[in-house]
A.B. asks: 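After the structure tokens below, expect a handful of questions from me.
Proteins come first, then strands; the chains are lettered A, B, ... in the order of their sequence lines, and each starts at number 1.
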Amino acid sequence: MNKRFEQAIFVIGPTASGKTAFAHRLAEMIPSTYGTDCELINLDAFQFYRTMDIGAAKPTPEELEHYKYRGVDILDPLESIDAAAYADFVWQQCREISARGKLPICVGGSGLYLRAVLHGLDPLPPRNDDLRQMFRASAAEWGWPLLHDWLKALAPSRAAQLHPNDKTRIERALEIVFQLPEGVSPDSVFSQSQPLNQQDLAGNCYVVQIDCSDEVLKQRINLRLDEMFTRGWVAEVECLYQRWGSEFFASQAGKAIGYLDIHQACRQAEFTAGASGKENSRLDLRVVEELKRKIATSTWQYVRRQRTWNAKERCDWSFDSSKGIVEIQFTASLLSFLDFYHSK
RNA sequence: GGUGCUGUGGCGGAGCGGCUACGCAAACGAUUGCAAAUCGUUUUCACAGGGGUUCGAAUCCCCUCGGCACCU
């Protein structure tokens, strides 16, 4: 197996579970006990984007600076980066950090990106937007189940794994098939792949999974939401809209939880204010409370999905953050991981 | 006090004599280049209460209790 990175610690878990705080704590404790400096790498698909600070729950600018974060603010809102490209980026950053005798800590909750970094994606044809557009046009006309039939004819083994409505994956599968070189059997490409989480790891890693009780997590989500709104999340959304227009909400970045909800509430408020001849179109308290409820719900649904995902992922240390993350006792497994690294 | 409308699962909301929608929420699961995305499965007395008509009522009639509107 070829290593894509030397060694790294991964801190994963659902939103608001305390990943960031935990990682920061590690980055403080490891140097003081082992003399090895740590640098952080973001593994969160929405902290990529510049000017999406509050809603994406980024660390503060001071923290970003202090912990030498990489992978934050690397894209403009209308851009995007696919999982394979991002994995390459992270591996490269890891190697760079290791080369300078430091230890990378990757933090984030985006399942696919994490898996791509941890195991590496199979070498398949890349994303192709022209093809995707074509598939979407056909789907708009005939429906996705028909494209599923199409896939069944070309690559039955893959089609069998996908539901006829699963547009995301049908699209990708067809995209792969259409880009294969002459003479390669589409079906063999798929039937040879093992599930990613069962494949070898891309480097020497130590994975910490953070989570806490439902009760505490829900409470933290609500608290964080209050904070986000007082820090000016609404203004952030309006700024993005002013800068990029409605295209923002059609883009990948615009899919982040809450952004569209806030935008719609603002337009509604504008409309109401206009109709009553008032100048002030700011959101009133009732509307904000409603937004918080709605966004808390979406966030919780996301938590559930993250947990489902992480349950199948590697875990070297399962940390319960229900009582906070101030006190951290290094586990034996982490100590031996660090020893191994230190003795090199 | 009078008149009219109305009362459906945790919520919204169809059905107006027999076939017990649907949406949301919830729970669970999937996840190989847009993933905070997307997709799937599940949710065994929902029909305000009581009485009546009928082979059969959430649906028709009567009464009671809520809600809304208007009138005096």
A.B. asks: Going by a 90° cut-off around 0, is B:rG33 syn or anti?
C.D. replies: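 With its glycosidic angle within 90° of zero, B:rG33 counts as syn.
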
A.B. asks: Are the ring centres of A:Tyr241 and A:Phe248 closer than 6.0 Å?
C.D. replies: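 So the answer is no for these two rings.
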
A.B. asks: Mind jotting down which residue pairs meet the ring pair (Phe, Tyr, Trp, His ring centres under 6.0 Å) criterion with at least one end in residues 199-235 of chain A? Sequence neighbours excluded, please.
C.D. replies: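 Of all non-adjacent pairs touching residues 199-235 of chain A, those that pass ring pair (Phe, Tyr, Trp, His ring centres under 6.0 Å) are A:Tyr206-A:Phe337, A:Phe229-A:Trp233, A:Trp233-A:Tyr259.
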
A.B. asks: Can you tell me if A:Trp300 touches the phosphate of B:rA27, counting only side-chain N or O atoms and a distance under 4.0 Å to OP1 or OP2?
C.D. replies: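 The answer is yes; a side-chain N or O of A:Trp300 sits under 4.0 Å from OP1 or OP2.
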
A.B. asks: Indicate whether the side chain of A:Asp187 and that of A:Ser157 have a donor and an acceptor atom separated by less than 3.5 Å.
C.D. replies: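 Side chains of A:Asp187 and A:Ser157: pair found under 3.5 Å.
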
A.B. asks: Assert yes or no for the condition that the ring centre distance of A:Tyr49 to A:Trp244 is strictly below 6.0 Å.
C.D. replies: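 No, the ring centres sit 6.0 Å or more apart.
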
A.B. asks: If you assign each of A:Gly120 and A:Gln301 to its closest nucleotide in RNA chain B, which residue comes earlier from the 5' end?
C.D. replies: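 Going by which nucleotide is closer to the 5' end, it is A:Gln301.
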
A.B. asks: Taking the side chain of A:Ala84 as its heavy atoms from C-beta onward, which of B:rA36, B:rG33, B:rU31 lies nearest to it?
C.D. replies: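 Minimum distance to the A:Ala84 side chain belongs to B:rG33.
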
A.B. asks: For RNA chain B, list all stems, counting runs of three or more consecutive pairs where every pair is Watson-Crick or G-U wobble with both distances under 3.5 Å.
C.D. replies: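 Correct response: B:1-7 with B:65-71, B:10-12 with B:22-24, B:26-30 with B:38-42, B:48-52 with B:60-64.
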
A.B. asks: Determine: side-chain N/O of A:Asn165 to OP1/OP2 of B:rU38, distance under 4.0 Å, yes or no.
C.D. replies: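 For B:rU38, neither OP1 nor OP2 has a side-chain N or O of A:Asn165 closer than 4.0 Å.
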
A.B. asks: Once hydrogens and angles are ignored, does a donor-acceptor distance under 3.5 Å link the base of B:rA37 to the side chain of A:Arg169?
C.D. replies: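 Flag set: donor-acceptor pair detected.
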
A.B. asks: Before accepting this row, confirm whether a basic side-chain N of the pair A:Arg127/A:Glu175 lies closer than 4.0 Å to the acidic partner's carboxylate O.
C.D. replies: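 The answer is no: the pair does not qualify as a salt bridge.
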
A.B. asks: Does B:rG33 have its OP1 or OP2 closer than 4.0 Å to a side-chain nitrogen or oxygen of A:Arg172?
C.D. replies: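 Yes, such a contact exists.
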
A.B. asks: Does OP1 or OP2 of B:rA37 have a side-chain N or O of A:Thr168 closer than 4.0 Å?
C.D. replies: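 False: A:Thr168 side-chain N/O out of range (4.0 Å or more) of B:rA37 OP1/OP2.
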
A.B. asks: Between A:Arg50 and A:Asp73, is there a salt bridge with N-O shorter than 4.0 Å?
C.D. replies: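 Salt bridge absent between A:Asp73 and A:Arg50.
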
